[in-house]
Amino acid sequence: MTGAVRKLSISVPPDVAERLEREPNASAFLVHAARALMRREALDAELAHQGIAVTEDGITRARAARAAVDVAWPPERYQAVRERVRHAAGGDDGAAGRVTAA
């Protein structure tokens, strides 16, 4: 973390405390987790703004569809898609690029 920061004192349940104690930098771990949640909330808000309702049923169906792909796609197909993404992004830095379906 760089830039301005604020020191907080938080209380967490024992299972969370045990997990945080295994982290070399618990603050960075929590920042990453909080930002991931903030991105999800922003996506949910944008979808709602566009008239797309995220429901538990829809999430369940999406997870089932993903599980079916996991079963149907061999590891080589995943690797080929990863390579196309890296190529489209212009390198191995994990930057986003446009990829067509395999």
Side-chain angles (χ1 to χ4, degrees):
M1 290 181 292
T2 59
V5 295
R6 289 179 47 195
K7 186 168 180 70
L8 302 175
S9 174
I10 62 170
S11 299
V12 297
D15 60 326
V16 174
E18 289 171 13
R19 177 62 179 91
L20 292 173
E21 288 166 351
R22 293 194 310 261
E23 285 299 315
N25 186 338
S27 293
F29 181 84
L30 290 172
V31 167
H32 176 76
R35 286 190 173 147
L37 178 58
M38 291 162 61
R39 285 190 301 273
R40 193 186 87 205
E41 290 171 342
L43 175 60
D44 288 349
E46 180 59 26
L47 290 172
H49 179 74
Q50 297 294 327
I52 300 169
V54 178
T55 65
E56 288 301 319
D57 181 54
I59 292 169
T60 300
R61 285 185 285 119
R63 286 183 177 148
R66 170 65 192 264
V69 169
D70 285 343
V71 169
W73 281 27
E76 298 81 19
R77 188 167 184 185
Y78 277 112
Q79 186 59 36
V81 170
R82 281 189 205 99
E83 292 301 320
R84 285 205 324 263
V85 168
R86 285 188 187 113
H87 178 72
D92 290 337
D93 64 355
R98 292 201 179 266
V99 177
T100 57

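Residues take their numbers from the sequence shown, with the count starting at 1. Because the structure is a prediction, the values reported are computed rather than measured.
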- prompt: Rounded to the nearest 0.5 Å, how far apart are CG of Leu20 and CD1 of Ile10?
  reply: 6.5 Å

Pairwise salt bridge (charged side-chain N to carboxylate O under 4.0 Å, His left out) hits with a residue in residues 17-26, at least two apart: Arg19-Glu23

Verify the cluster assignment for [X] and [Y]: are they in a single hydrophobic cluster under the rule of side-chain heavy atoms below 4.5 Å apart?
X     : Y     : result
Val5  : Leu8  : no
Leu43 : Ile52 : yes
Val85 : Trp73 : yes

Under the ring-ring contact (aromatic ring centres under 6.0 Å, His included) test, residues paired with Phe29 that sit two or more places apart: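 If we apply the ring-ring contact (aromatic ring centres under 6.0 Å, His included) test to Phe29, skipping adjacent residues, there are no hits.
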
Contacts under 3.5 angstrom, residues 59-69 side chains, donor-acceptor by atom type, not counting sequence neighbours:
| unit_1 | atom_1 | unit_2 | atom_2 | d |
| --- | --- | --- | --- | --- |
| Thr60 | OG1 | Glu56 | O | 2.9 |
| Arg61 | NE | Asp57 | OD2 | 3.1 |
| Arg66 | NE | Asp70 | OD1 | 3.2 |

Which residues share a side chain to side chain donor-acceptor pair (under 3.5 Å) with Glu46, sequence neighbours left out: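 With sequence neighbours excluded, Glu46 shows a side chain to side chain donor-acceptor pair (under 3.5 Å) to Gln50, given in chain and number order.
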
field: Set of residues satisfying side chain to side chain donor-acceptor pair (under 3.5 Å) with respect to Glu41, sequence neighbours excluded
entry: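 So Glu41 forms no side chain to side chain donor-acceptor pair (under 3.5 Å) with any residue.
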
- prompt: When Ile, Leu, Val, Met, Phe, Trp and Tyr are grouped by side-chain heavy atoms lying under 4.5 Å apart, directly or through other members, which residues fall in the same group as Met38?
  reply: none

